[in-house]
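Working notes, beginning with the structure itself.
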Amino acid sequence: MKSCVITNNMIKVNNQTIYSGNPSINLDHFLLEAYQNYKVSYPKFHKMDFISKLGILTTSILAKKNKIEFDSTNTGIIVCSKSGCHFTDKEYIDSINPNNQTSNPALFTYTLPSIAMGEICIKHKIKGENLYLLMDKPNKTLLSNLINNMFNNKQMNHCIVGWLEMQSTKKYLSHFMLISKSDIKEYDFNFLSI
Amino acid sequence: METLINELKERIIDRLNLLEIDPNDILPDDALFNDGLGLDSIDALELVVMLENDYGIKVGDVSVIQPHFKSLNTLALFIKESSESKNAVA
Amino acid sequence: MDTTSTIIYKNLISPLGFSLNENFKSIRSGKSGLKLDNRRFIEKSTYTSIFNDIDIDKWFLKYANPTHFTKLEKLSIGLIQDIIEKTNIDPKSDKTLLILSTTKGNIDIIDTKNSKISQERVLLSEFKAVIQKHFSFKTSPLILSNACISGIQALILADDFIKDKSYENVIVIGADLVSRFTMTGFSALNALSSEKCMPFDKSRMGLNLGECCAGIVVSSKNDKKHGNARILANASTSDAHHTVAPSREGEGLTNAIKKCLKNHIDIPIDFISAHGTATIYNDEMEALSVCNNDLENSPIFSLKAYYGHTLGAAGLLEIVISLKALDENTLIPSLGFTSLGVSNKINVITKTQKKEVNTFLKIASGFGGVNAAILIQKT
């Protein structure tokens, strides 16, 4: 079962903890540490908001540690959360200059819940079906249904599924799985939540 | 001009989060967009915001500014000329 | 295994009318909701299609007390109430689902100081909770938020849920507002036009923002009362290229259309409801994608000059109007268009035409590099 979880400045791959950062350091520093440690090597990373950085790191480490490359056309992606990009929305609002109403265009692009999913697709060249939903907590039945739909009706052979929740720099959880049509029976879709 | 160019280097690296770029690696005539520094259309818009907020230069039509974004040299020249003409008016 | 899934009802609340009939009448007379925006959210002048808030409150009085709800909640609750009354769907049934399609939800409340409305309501989860509580929806509503393709995808998801028997009735609501948040943002991206937008036109210079609330009901039951249609095919793809700029070769949208039409090559497409935002890049890429699929002769139109770009609601609004066009056997002109300004020649509809129409293709692209296509046919 291929999965990666990043939460509380800690990284778990396939249910094994592989990295425990100091829980009291800034999220900023932790993410940079992880980026460098796992040689993500993607300069655009530094321009992203926290939510996209989390998504990029989780999927990159999942791929690296499982030694996989995502299949471009036949991989679908489903990302869910409760809070969407609310955290980044607040940052954007603060960036609006009250004197001339200019704001940060780069930051604005991150004020859509699904942009993190877009960044993941760009980095890993994923071109298949995509879906972004907001719900109170990861719903096992629903997710299982959606994944089966990807395989049975949307001609996908693989599906990246993630719960990407950010409420504050101290309260965040990014949990991604890579599920293939051939091994779907092994998965329990037990996504962690905060 | 050299002070302005160095200032621009710092500002651009900071504003555009170019963490992996060493200021010494950017030469004044290097292309900023596409191949050179690899900036894109969003970066261009951020530079427009920088021009307004840091240098008081209002850009009406973004497409007009494109030639001035070619390199640090052309950008610095544009800023210098724009502030000179403002002073002349004043 | 698949159950038949039918679109049994649709309605639209917009600055052009508080019912689909009113909206269609406005479109038929060439009316546009776009007006010069005088709220000074940004320095440059631009046009927007926005409600008169007093009109919303007057309309909403028959549903509930306006002071307890945000603007978006009023629009959504009013429309859902209308849907329930016309279709007799029971929100308390576990075979009923509500899908909300929106990008920013109640984002306007960051600027309003209403003591009855807590700032918490800006969270999409709270927006959903208010609506769920109002109708006592047994199943927790889902929010689909995938940039400008949200509306199309929400309808696709509803259709999937009916076909696999997860639900018997799915209500899809698409709603988004024009706000200081979105206006400053699109202005920072240099995407706004200082004039009324001109989709596909050679003088186009950007988009206008708009707001609305659209609703479609998909059901496992065929309900002949309101003019029916069904979804024949659909597809979504990702450009995997850039977060806001479409790929110049239009590969993503080209493939979405190709995949959608793969098993329906022989069906004549009577018209294409385009995304047509009137930005230089979108329209160019969209026309290219249409031609890449040999659809250059299919009549095509954009609704953005009537309604502005309604973001998360756009796909749904534009499908609602297209469904009405199917009912009325009418081709709708692409307002704002005078002469072609894209490199690939497409057949833009320039005047209203009575014509028997049975099938349309709706396409859209959105931030994140996402694309969607859906093929819909009259039953």
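The chains referred to below are lettered A, B, ... by the order of the sequence lines, with proteins before strands, and numbering in each begins at 1. Source: prediction; values computed, not measured. Both backbone and side-chain heavy atoms feed into the values below; hydrogens, waters and symmetry mates do not.
- Heavy atoms closer than 4.5 Å to chain A are found in the side chain of C/Ile156, but not in its backbone.
- A donor-acceptor distance shorter than 3.5 angstrom exists from the side chain of C/Lys259 to the backbone of A/Lys154, with no hydrogens or angles considered.
- In this structure, chain C has no heavy atom under 4.5 Å from any part of A/Ile77.
- A distance-only check finds no donor-acceptor pair linking the side chain of A/Gln101 to the backbone of C/Met183 [under 3.5 Å].
- Heavy-atom distances place no part of C/Ser187 under 4.5 Å from chain A, backbone and side chain included.
- At a cut-off of 3.5 Å, with distance as the only test, no side-chain donor of C/Asp164 or A/Asn149 sits close to an acceptor on the other residue.
- Checked by atom type, the side-chain pair A/Asp136/C/Ser125 shows no donor-acceptor distance below 3.5 Å.
- Using a 3.5 Å distance cut-off with no hydrogens or angles, the side chains of C/Thr243 and A/Tyr110 do not pair a donor with an acceptor.
- Here the NZ-CD1 distance, from A/Lys90 to C/Ile110, works out to 12.0 Å after rounding to the nearest 0.5 Å.
- In this structure, chain A has no heavy atom under 4.5 Å from any part of C/Ile99.
- A/Ser103 touches chain C through backbone and side chain together, each having a heavy atom under 4.5 Å away.
- Heavy-atom distances place the side chain of C/Phe161, and not its backbone, under 4.5 Å from chain A.
- If you measure heavy-atom distances from A/Met156 to chain C, the contacts under 4.5 Å come from the side chain alone.
- Taken to the nearest 0.5 Å, the CD1 atom of A/Ile126 stands 13.5 Å off from the OG1 atom of C/Thr237.
- In this structure, chain A has heavy atoms under 4.5 Å from both the backbone and the side chain of C/Leu144.
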